Amino acid sequence: MDLKAQLKTAVEMAAQQLGATVDAAIQETPAGKAGDYGTPAAFLIAKTIGGNPAQIAAQLAQTVQLPQGIKKVEAAGPFLNFFVDVGAFVRGVVEKPFEMPQLSGKVVIEHTSVNPNKELHVGHLRNVVLGDSMARIFRAAGQTVEVQNYIDDTGRQAAESIFAVNHYGLKWDGVQKYDHWLGEGYVRLNADPAKPELEPGIREIMHRLEAGELRSEVEKVVHAHLVTCFRLGARYDLLNWESDVVGSGFLKRGMDILEASNYTSHPNEGKYAGAFVMDVSEFMPGLEEPQVVLIRTDGTAMYAAKDIGYQFWKFGLFEGMKFRPFTEDPEGHTVWTSAPDGDPDLARRFGHADEVINVIDSRQDHPQTVVRSSLGVAGHTGMKERSIHLSYAFVTLEGQTISGRKGVTVSADAAMDEAQKRALIELAKVNPELSQRDDAGEIARRIGLGAIRFAMLKAEPTRKIDFRWEQALALNGDTAPYIQYAAVRAANILRKGQEAGFAIDGTGADWDMLPDIDLTLAKQVAKLPQIVAQSVRVHSPHVVAQYALDLATSFNAWYNAKDKNGKRITNVLESEPGLREARFALVARLRQAFEETLDLIGIEIPAAM
RNA sequence: GCACUCGUAGCUCAGGUGGAUAGAGCGUUGGCCUCCGAAGCCAAAGGCCACUGGUUCAAGUCCAGUCGAGUGCACCA
């Protein structure tokens, strides 16, 4: 049990002795206030048993049993403040492994899901980075994670691109990235004044797509997309193709489940006569029109109906798709795909989620809520609660709506190229010798991609992002390079220590020599597990990104700390024996915290900067 | 019109279940490298936390309303 939990218990027991049962909040004392952790519990106690909060706090200070590692308690007005034993606390942080949340169960995370008809643009980056980071964070919190990528291979967009290739007689030169080449045909078709007359041809392609005849054409685009996503650091377990979802009968099986519900009906009169509709008013209050059409009068399905069947499948309400390996990711792990010629999932390996997270932009809020509500309509309220739409605001480009057709777009590949290029230029500027090293390109890659990923997830998902080069690829300030630099600096200290023959694992440390300033740093390091827990709770990686910044800021402040005469006071190498070893051990732990934290958001630390 | 999201420094954003003087970055001004690397640090300036009312010992945080911005509201996908 961590220190804060122990303090909470201690305070609540002391309150019990005074005759009050309270939920005591333990928080860090504000900077400049006495103590390390405090609680306003006296307010609550005063409320239940009467009396003056300040007096009650004073009483608590007398009676509370101090857990190990706390050396002093005192009342500060109505607040009760605890002082930790610096040496014991830092030693605990250094020696004990992080107590990460131990969640169980399986979460299916769907992200990317880009139309297979043109290259990814910078707006897609946000989706991929959000989903991939969530997957990493949930995995760290102990859950089984399955990342799925939905391939809409029967949609109009895919059809238009393939039609354009045939219609204009376009030939791929084998050099240009395939998805970029295909996208050019799409743009050309949509700029073609004759497009309305080409409609029959496009429809024919759509029918052939639905029949699965053009699968290999679409697979080529998907492979090209994966190149982009792999480069960004994203990894997938399974690609689900819309044609397979449809072909597996998920639509009918979903509708069969909904048929049994009291919330669905086949009206005989009114404007919905002849259709199959679902009343979602219980789950989506305040709607003007609570009836959602699932099956039209002519018997064809609405898109939402397909989505519902697919969501039901993710939760394991039925099975039936077939699977086979599709490709390997850079680490050699197999990425699977649904496929008509695949094998049945006898091991129930895919789907069967306890929680489903769909990373989809906020313009889909309404339809996603309908899908979620359908689980309630089907009577699966638990699944409805654990059906999460990770909704994020769409990305604009220099203030304009991204549109490939209008040419207002920057491809994800170009953005990554530019980011790495800028990183290399900056490297040559600040560290010329380093930029001549063989691994300069790898260093620039980690910095450039880190900068992009961080820019995409440092703010809450509800924030709109306007992609601007200077902002997204900035290398100073609230950025990945700032954090990476701190992590590299920590490694440099450790390297120097080892070169000088000192122990960096705590051997020979005299923990009691540590001053308060080192405690501040150690407290920041110790927060990581709570950060992971919070990130999981709110379903957002921005919590982790912000923490990474805090960690870097704390370390830099500690590193640069000076006394009144301007002399550095935390130089590890020059610290007295005993203190020196304690500090090396703390820096080693900090470095590890950097690695774990950045890994949670898919950012790699360069060997040097 | 209805629903959802948002309104915190000039700009871009943080501010777990309400708690002790509201924090960063960019930009502005002024300092700090005879170095465990300055992609860094310190300091200054900059805030009726959109507005009004309510709940509470305590509200940036919760509730209601107002104003403003964005998004979505087809038997489309």
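Just so it is clear: chains get the letters A, B, ... in the order the sequence lines come, proteins before strands, and each one is counted from 1. Only heavy atoms go into these numbers, but all of them, side chains included; no hydrogens, no water, no symmetry mates. Bear in mind the structure is a predicted one, so any value in this text is a computation, not a measurement.
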> What nucleotide, of B:rG37, B:rC13, B:rC32, holds the atom closest to the side chain of A:K562?
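Out of B:rG37, B:rC13, B:rC32, the nucleotide with an atom closest to A:K562's side chain is B:rC32.
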> Nearest whole angstrom, please: distance from the C1' of B:rU5 to the NE2 of A:H366.
15 Å
> Does A:I447 reach a base, just sugar-phosphate, or nothing at all? Heavy atoms under 4.0 Å.
base
> Measure from the side-chain heavy atoms of A:Y485 and tell me the nearest of B:rG37, B:rC36, B:rA14.
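Taking heavy atoms from C-beta onward, the closest nucleotide is B:rG37.
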> Remember a base hit wins even if backbone is also touched, and classify A:R363 as base, sugar-phosphate or nothing at under 4.0 Å, heavy atoms.
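Touches sugar-phosphate only.
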> Out of B:rC36, B:rG16, B:rA39, which has the shortest distance to the side chain of A:E426?
B:rA39
> Let me know, please, whether A:Q471 or A:K306 comes out on the 5' side of the other along RNA chain B by nearest nucleotide.
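Result: A:Q471.
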> Which atom names give the shortest non-hydrogen contact between A:A552 and A:Y482, and what distance separates them?
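So the minimum-distance heavy-atom pair works out to CB-CE2, 3.5 Å.
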> The test is salt bridge (charged side-chain N to carboxylate O under 4.0 Å, His left out); show your working for A:E418 and A:R422 and say whether it passes.
CA-CA 6 Å; A:E418 180 69 17; A:R422 290 188 186 207; 2.9 Å; yes
> Please test A:Q524 against A:Y547 for side chain to side chain contact (heavy atoms under 4.5 Å, CB included), starting from the C-alpha separation and ending with a verdict.
CA-CA 9 Å; A:Q524 195 65 253; A:Y547 170 71; 3.8 Å; yes
> Are B:rC36 and A:Y559 stacked, with the base six-membered ring and the side-chain ring centres under 5.5 Å apart and planes under 30°?
yes
> On a whole-Å scale, what distance lies between the P atoms belonging to B:rC4 and B:rG65?
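It comes out at 11 Å once rounded to the nearest Å.
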> Taking atom types as modelled and ignoring hydrogens, do the side chains of A:S374 and A:Q311 form a donor-acceptor contact shorter than 3.5 angstrom?
no
> For B:rU5, does either OP1 or OP2 sit under 4.0 Å from a side-chain N or O belonging to A:R463?
no
> With a cut-off of 6.0 Å (strictly less than), are more than 12 heavy atoms of other residues, nucleotides or ligands near CG of A:D298?
yes
> Taking 4.0 Å as the cut-off, does a side-chain nitrogen or oxygen of A:N571 come that near to OP1 or OP2 on B:rC36?
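Yes.
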> Which residue lies toward the 5' end of RNA chain B, A:L549 or A:N81, if each is placed at its nearest nucleotide?
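Mapping each residue to its closest nucleotide by heavy atoms, the 5'-most match is A:N81.
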> To the nearest angstrom, how far is A:L457 atom CG from B:rU12 atom C1'?
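Rounded to the whole Å, the gap is 16 Å.
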> If the C1' atom of B:rA24 is compared with that of B:rG53, how far apart are they to the nearest Å?
33 Å
> Looking for any heavy atom pair under 4.0 Å, which part of the strands does A:A158 touch: base, sugar-phosphate only, or nothing?
nothing
> Among A:Y150, A:W241, A:F250, find the one that has a ring pair (Phe, Tyr, Trp, His ring centres under 6.0 Å) with A:Y310.
A:Y150
> Could you tell me how far B:rA45 sits from B:rC26 if I compare only their C1' atoms? Round to whole Å.
15 Å
> So, A:N358 versus A:Q364: side-chain donor-acceptor pair below 3.5 Å or not?
no
> Just compare B:rU71, B:rG40, B:rA14 and give me whichever is closest to any side-chain atom of A:F394.
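That would be B:rU71.
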> Please pick, from B:rA20, B:rG37, B:rC41, the nucleotide with the shortest atom-to-atom distance to any side-chain atom of A:P30.
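For A:P30, the side-chain atoms sit closest to B:rA20.
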> Would you kindly give the CG-to-P distance between A:D365 and B:rG70, to the nearest whole Å?
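Whole-Å distance recorded here is 17 Å.
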> Does A:I360 offer a backbone N or O that forms a donor-acceptor pair with the side chain of A:H389 under 3.5 Å?
yes
> Considering only atom P, compute the distance from B:rU66 to B:rA14 and round it to an integer number of Å.
27 Å
> Checking A:Y272 against A:Q291 for the side-chain hydrogen bond (donor to acceptor under 3.5 Å, both in side chains) test, could you report, in this order, the C-alpha distance in whole Å, the side-chain angles of both residues, the deciding distance, and whether it holds?
CA-CA 9 Å; A:Y272 296 122; A:Q291 301 289 341; over 6 Å; no
> Using whole Å, report how far CG of A:N556 lies from C1' of B:rC42.
13 Å
> If I pick the P atom on B:rG10 and the same atom on B:rC6, what distance separates them, to the nearest angstrom?
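Each nucleotide's P atom is 22 Å from the other's.
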> I want to verify a distance call: between B:rA77, B:rC36, B:rC2, whose nearest atom is closest to the A:E288 side chain?
B:rC2
> Let's see if you can work this out: which of B:rC41, B:rA14, B:rC36 has an atom nearest to the side-chain heavy atoms of A:E460?
B:rA14
> Counting only side-chain N and O atoms of A:R568, is one of them less than 4.0 Å from OP1 or OP2 of B:rU34?
no
> Answer with base, sugar-phosphate or nothing: what part of the nucleic acid does A:K271 contact at a heavy-atom distance below 4.0 Å?
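Touches a base.
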> Would A:R495 and A:N492 count as having a side-chain donor-acceptor pair, cut-off 3.5 Å?
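Side chains of A:R495 and A:N492: pair found under 3.5 Å.
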> With pairs taken as Watson-Crick or G-U wobble and both distances under 3.5 angstrom, which stems of at least three consecutive pairs involve RNA chain B?
B:1-7 with B:67-73, B:10-13 with B:23-26, B:28-32 with B:40-44, B:50-54 with B:62-66
> Could you classify B:rC49 for me, syn or anti, using a glycosidic angle within 90° of 0 as syn?
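That one's anti.
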> Taking the side chain from A:Q546 and the backbone from A:K458, do they hold a donor-acceptor pair closer than 3.5 Å?
yes
> Using heavy atoms and a sub-4.0 Å distance, could you list which residues of residues 43-61 of chain A are near RNA chain B? By number, please.
A:F43, A:L44, A:K47
> From the list B:rG16, B:rC13, B:rC4, which nucleotide is the closest neighbour of the side chain of A:K4?
B:rG16
> List the steps and the verdict of side chain to side chain contact (heavy atoms under 4.5 Å, CB included) for A:K306 and A:V246.
CA-CA 7 Å; A:K306 287 190 222 174; A:V246 173; 4.0 Å; yes
> Nearest whole Å is fine: how far is B:rU61 P from A:Q27 CD?
17 Å
> Using only heavy-atom distances, determine whether the side chains of A:E160 and A:N190 contain a donor-acceptor pair under 3.5 Å.
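A donor-acceptor contact under 3.5 Å links the two side chains.
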> Check whether any side-chain nitrogen or oxygen of A:H542 sits under 4.0 Å from OP1 or OP2 of B:rG15, and answer yes or no.
yes
> Using the P atom in both, what is the distance from B:rG30 to B:rC67, to the nearest Å?
46 Å
> Side chain of A:T297, base of B:rC75: donor and acceptor closer than 3.5 Å?
yes
> How far, in whole Å, is B:rC62 from B:rU17 if one measures between their P atoms?
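Going atom to atom, P in each nucleotide, I get 8 Å.
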> Return no unless some side-chain N or O of A:R489 is found under 4.0 Å from OP1 or OP2 of B:rA38.
yes
> Quote, to the nearest angstrom, the P distance that separates B:rA58 from B:rG18.
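One P to the other, the span is 15 Å.
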> Decide, yes or no, whether a salt bridge links A:E289 with A:K271 under the criterion of side-chain N to carboxylate O below 4.0 Å.
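Yes, A:E289 and A:K271 are salt-bridged.
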> So, the side chain of A:S435 versus the backbone of A:P432: is there a donor-acceptor pair under 3.5 Å, distance only?
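Yes, A:S435 side chain to A:P432 backbone: donor-acceptor pair under 3.5 Å.
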> Please state how far atom CD in A:E433 lies from atom C1' in B:rA39, giving the value in whole angstrom units.
15 Å
> Residues from residues 476-483 of chain A sitting under 4.0 Å of RNA chain B, heavy atoms only?
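Heavy-atom contacts with RNA chain B come from A:N476, A:G477, A:D478, A:Y482.
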> Whole Å only: how far is the CD atom of A:Q420 from the C1' atom of B:rA39?
18 Å
> Under 4.0 angstrom, heavy atoms only, what part of the nucleic acid is A:T369 near: base, sugar-phosphate, or nothing?
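Nothing, no heavy atom under 4.0 Å.
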